[in-house]
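So you know, we letter chains A, B, ... as the sequences are listed, proteins then strands, and number each from 1.
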There are 2 protein chains.
Amino acid sequence: MAARSNRVTISDVARQAGVSSATVSRALSGNRPMSPELAEHVRKTAQELGYRTNLLGRALRQQRSSVVGLLVPDLDNPFFASLAEHLSRVVETSDMELLVASAGGSVENEARLISSFLDRQVAALVAIPCDEIESAPGLEQAISHTLTVQLDRRVLTTGAYYVGCDNRHGMDLIAEHVAHDVDTTAQPVVYVGAETQSSSAHERLDGFRRHFPDSPVFLGDFSTQWGQEAADQILESGLSAATIVATADVIALGLMSRLHATGHRIPEDFRVIGFDGVGVTPFAHPTLTTVRQPVEAISRRILDLVLELPQEQDEHEVRLEPTLVVGPSSPARDA
Amino acid sequence: MAARSNRVTISDVARQAGVSSATVSRALSGNRPMSPELAEHVRKTAQELGYRTNLLGRALRQQRSSVVGLLVPDLDNPFFASLAEHLSRVVETSDMELLVASAGGSVENEARLISSFLDRQVAALVAIPCDEIESAPGLEQAISHTLTVQLDRRVLTTGAYYVGCDNRHGMDLIAEHVAHDVDTTAQPVVYVGAETQSSSAHERLDGFRRHFPDSPVFLGDFSTQWGQEAADQILESGLSAATIVATADVIALGLMSRLHATGHRIPEDFRVIGFDGVGVTPFAHPTLTTVRQPVEAISRRILDLVLELPQEQDEHEVRLEPTLVVGPSSPARDA
DNA sequence: CTGAAAGCGCTAACAT
DNA sequence: ATGTTAGCGCTTTCAG
C-alpha cells in the first residue's frame, strides 16, 4: 500500500522552485498579480512533486471554510435524501461544497453533529431539526456561531432562517380535492400523521383539522412501518372504506402495502393521499395523489441565503407553494 | 443576529484561568496526568467563556482528523441512502464521524469530491465508485493519500479494499427460485439491467447470463425512469408475459409502475424480481421478490477496516452473502 | 505536574 | 512583483 499521507507542503514546492512559499501560494490561488511565467513554473513544479493543498491549513489561516453542512434526521426517508441530493447539486454551482450528516432520528446525535459541524468551522449550516422543541438548544448554538438555515422543519426559535413549503396550504389543496372528488359519506376522511414533535407534522395536522375537525386522527412517526401499523389500527376501528390522508408519502406507502395485503382495494375501498411527492415514492402503486413539495425552488432559495445574496424582502421565513398531483390512489371524479 | 464566530480560543481560557494554554489543552482532552482540581477549574472557566475547540487547529496540529468521508453516486437511490444511514450509525460507535457527499452520477463530480475529502485530511474514505473504469484515477489518488475502502461497486484497481455483496451468488439464488417456482415457457425470463459501467451491474449481468445465456437483456441505468422505459420496450418487443429480473429494486419499481399502468397483472402476467432489498423499496406493491444485501454486516465490516482492526485473513476483497426474499411479485409455486 | 516554545500548512501584512 | 515574517488555534516536545 502506498504512502498514506501527503507530506509535500507548500514550502517543499517553494524550495524546489527556488521561490518563497508566499509566491507559491499566490501562483496556486491566482489571487495576487504576478509574472505569468513564474506562476507557470511554480504550478509545474507543484504538479511534479504531487503537491495538494491542505485545506485545514488554509481554512485555519483564512478563518473560513468552503463547507456547507447539512444535517438531516434520517437518510432512509426518501424525501430527506432527495433534498440532500438536490441541495448538493445546487450548492456545487457555487464555490462551496455540501457535506451531509444524518442524526438517525436522535436529538442527542443531532446535537453532537451540530457541535461537530460548528467546531469544524462550516461556512453555513443547513438543518432539518428532528424536534420542534428539543432541537432548540442545538440550533441556538448553531445560530450564535454560524449562518444557520432551517429546512422543512423548524424549531420555535427566532433568529435562524427557515425555508420550507407551506404545509397548511398543502392541506388546503387536499381538502379541495376531497370536497370536489370524494363521496365522504362512503369514504369518510381519516388522518394518519406523525406525533407533532416536528413542525411539519404539526402544521400539516393543523391544516387538516381546519378542514376536518371531526375526523379521526392516528399519530405515529415518519416511517413506512408506522403506515403499516396505522392501517391495522384503522381496520380494527371498524372502517372498511375511507379516505386516508397521510402526512408523508413514506407513511402512505406503508398504508397501501398493508391495505393491499389484507385484501382491500385502492381507491375503491380506501383512498390514500400522501405528502412530499419527490424521490421514489411517486412510483408507488397505485400512483399516489400527493402534495408535491417544490424541492428545486427550496434548494435554490437556501443557496441564496447561504451565499447571503440580498433578498427582495429580508424575510426570515420563506414559504414556498406546493402543488397537488392527482393519481389513481385518489382519482378525480371524472377521471 | 448573534456574533457569527467563535472568538474564544484556548489562550483566552488560559489567561482567564491563570494557567498556560498547554494546561488548558491537557485539562480539556484529559490525555495527560494533571491535578484534578486544576483540571476542574479550567473546565469551568472554559464553560463560562463559551469555549469551543477549533477542530481545524487540532487536526492541523495532530496531523489527523476524525472524519470518515463517504462518497455515493446518488442519494436519490434508496439503496445508497440506506447504506449511508447504516454506515453513519455504525461509525458513530467509534470516535469517528461520517460525512456524506453525493456525486450526482457524474464522474467529474466524483473526482472533485474525492480530492476535496483528501485535501480535508479525512482519516479514511469510503467510496461507491460510479464507473468501473473512469472512476479509477480518482480512486488511485485516494489510495495513495488515505485509507480507502470501496463499497458495493469497485474499479478494476488493486490496492483499495472492497466490501460488497456476492452479486453473482445473488443471481444464483434468483436462478434457483426461477427453476423451482416458474413455468418459463409461459413466462420466459428477461433481464433489465444497467449498462455495465459499474462493477455491480457487471457482476449481476454476468451471474444472470451464466444461468440464462439466451434470455433477452435490456440495459439502461439505475433509475426508476429506466425501469418504466424498459417496460415499454419489453411490451413493444411483443411479450405479453415474462419473468423480469431487474438489477436493482428501483428499476423493478419503475417496471411495475408501467406494467400496472398498461393494464398488466403482476405476477399473473409479468413476474418481477429485484435486487437490494433495503430502504423503502421492500414496501412496493406487490411486495418484491428480491435479493437482500446484508447492509448491516457490510457496514460493520467497513468500520473494522476503517479502524484498521486486524482481520482473520487480510483479504482486500470482502464478499458478504445476500439472501433471497420471496414476495408476491414472484411467488413460490406452493404459496 | 506545569509552563515555555515550537510548529502543523497555509495566507496576508508588510516590506522591499 | 517577490520575499520576509507573523500567526490562525491547537498540541506536544522539552525544561523545570
Kindly point out which of [options] is positioned nearest to the side chain of [X]?
X	options	answer
Thr23(A)	dG3(C), dG9(D), dT2(D)	dT2(D)
Tyr51(A)	dG3(C), dC10(C), dC10(D)	dC10(C)
Val19(B)	dG3(C), dG9(C), dT11(C)	dG3(C)
Asn54(A)	dC10(C), dA1(D), dG9(D)	dC10(C)
Met34(A)	dT2(D), dC10(C), dC1(C)	dT2(D)
Ser25(A)	dG9(D), dT11(C), dG3(C)	dT11(C)
Thr53(B)	dC8(C), dC10(C), dC10(D)	dC10(D)

Fill in: CG on Leu28(A) to OH on Tyr51(A), rounded to 0.5 Å
6.0 Å
Is the phosphate of [N], meaning OP1 or OP2, less than 4.0 Å from a side-chain N or O of [X]?
X	N	answer
Gln62(B)	dC10(D)	no
Arg58(B)	dT11(D)	yes
Gln63(B)	dT11(D)	no
Ser20(B)	dG3(C)	yes

Rounded interatomic separation in angstrom, taking [atom1] from [X] and [atom2] from [N]:
X	N	atom1	atom2	result
Arg64(A)	dC10(C)	CZ	P	16 Å
Asp119(B)	dC8(C)	CG	C1'	16 Å
Gln121(A)	dG9(C)	CD	C1'	16 Å
Leu56(A)	dC10(C)	CG	P	10 Å
Leu60(A)	dC10(D)	CG	C1'	8 Å
Asn31(B)	dT2(C)	CG	P	15 Å
Ile10(B)	dT11(D)	CD1	P	5 Å
Arg120(B)	dG9(C)	CZ	C1'	15 Å

Worksheet item: Does Ser35(B) or Leu55(A) map to a spot on DNA chain C nearer the 5' end, using the closest nucleotide for each?
Response: Ser35(B)
Worksheet entry | Lys NZ or Arg CZ of Arg153(B) over Phe222(B) ring: under 6.0 Å, within 45° | yes
Pair [X] + [Y], salt bridge at N-O below 4.0 Å:
X	Y	result
Glu97(A)	Arg120(B)	yes
Arg89(A)	Glu85(A)	yes
Glu110(A)	Arg112(A)	no

Worksheet item: So, for Met96(A) and Ser65(A), which heavy atoms are closest and what is the spacing to 0.1 Å?
Response: CE-O, 4.2 Å
Discussion item. I need the minimum non-hydrogen distance between Leu113(A) and Ser102(A), along with the two atoms involved.
Written reply: CD1-O, 3.4 Å
Contacts table for residues 68-81 of chain A: side-chain donor-acceptor under 3.5 angstrom, sequence neighbours left out:
unit_1	atom_1	unit_2	atom_2	d
Asp74(A)	OD1	Asp76(A)	N	2.8
Asp76(A)	OD1	Ser82(B)	OG	2.9
Asn77(A)	OD1	Phe79(A)	N	2.9

Worksheet item: Which part of the nucleic acid, if any, lies within contact of Leu38(B), taking any heavy atom under 4.0 Å across all strands shown: a base, the sugar-phosphate backbone alone, or nothing?
Response: sugar-phosphate
Between the protein and nucleotides 14-16 of chain C, list the N/O to N/O atom pairs that are separated by less than 3.5 angstrom.
none

Worksheet entry | Position toward the 5' end of DNA chain D (nearest nucleotide), Ala39(A) or Arg61(B) | Ala39(A)
